[in-house]
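Atom set for the values below is all heavy atoms of this structure, side chains included, hydrogens, waters and symmetry mates excluded. If you're wondering where the values come from, they're calculated on a predicted model, not measured in any experiment.
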Amino acid sequence: MTPNVGTTDRLVRLIIGAALVGATLLGAIGPWGWIGLVPLATGALGRCPAYRLFGLSTCGSK
């Protein structure tokens, strides 16, 4: 599977995911914050299943 998440997109996903998980661990938000694992995983792997489903990509031109 080819990467479809660009550098800036990956960075934003990692920051948002870490913030959500961190806020959950600190008790600032409820358990719904664990949804932050999804952007963390997609940012770390560089692949987003939803992007693939809709034929999107934020990677630069090949």
May I have the list of side-chain donor-acceptor pairs in residues 25-45 shorter than 3.5 Å, sequence neighbours left out?
from, atom 1, to, atom 2, distance (Å)
Thr42, OG1, Arg13, NH1, 2.9
Thr42, OG1, Val38, O, 3.2
Thr42, OG1, Pro39, O, 3.2

| query | Can you name the residues that form a side-chain contact (heavy atoms from CB on, under 4.5 Å) with Thr7, not counting sequence neighbours? | reply | none
| Other hydrophobic cluster members with Leu11, side-chain heavy atoms of Ile/Leu/Val/Met/Phe/Trp/Tyr under 4.5 Å, chained? | Ile15
| query | Which heavy atom of Arg10 sits nearest a heavy atom of Val5, and at what distance? | reply | CG-CG1, 3.4 Å
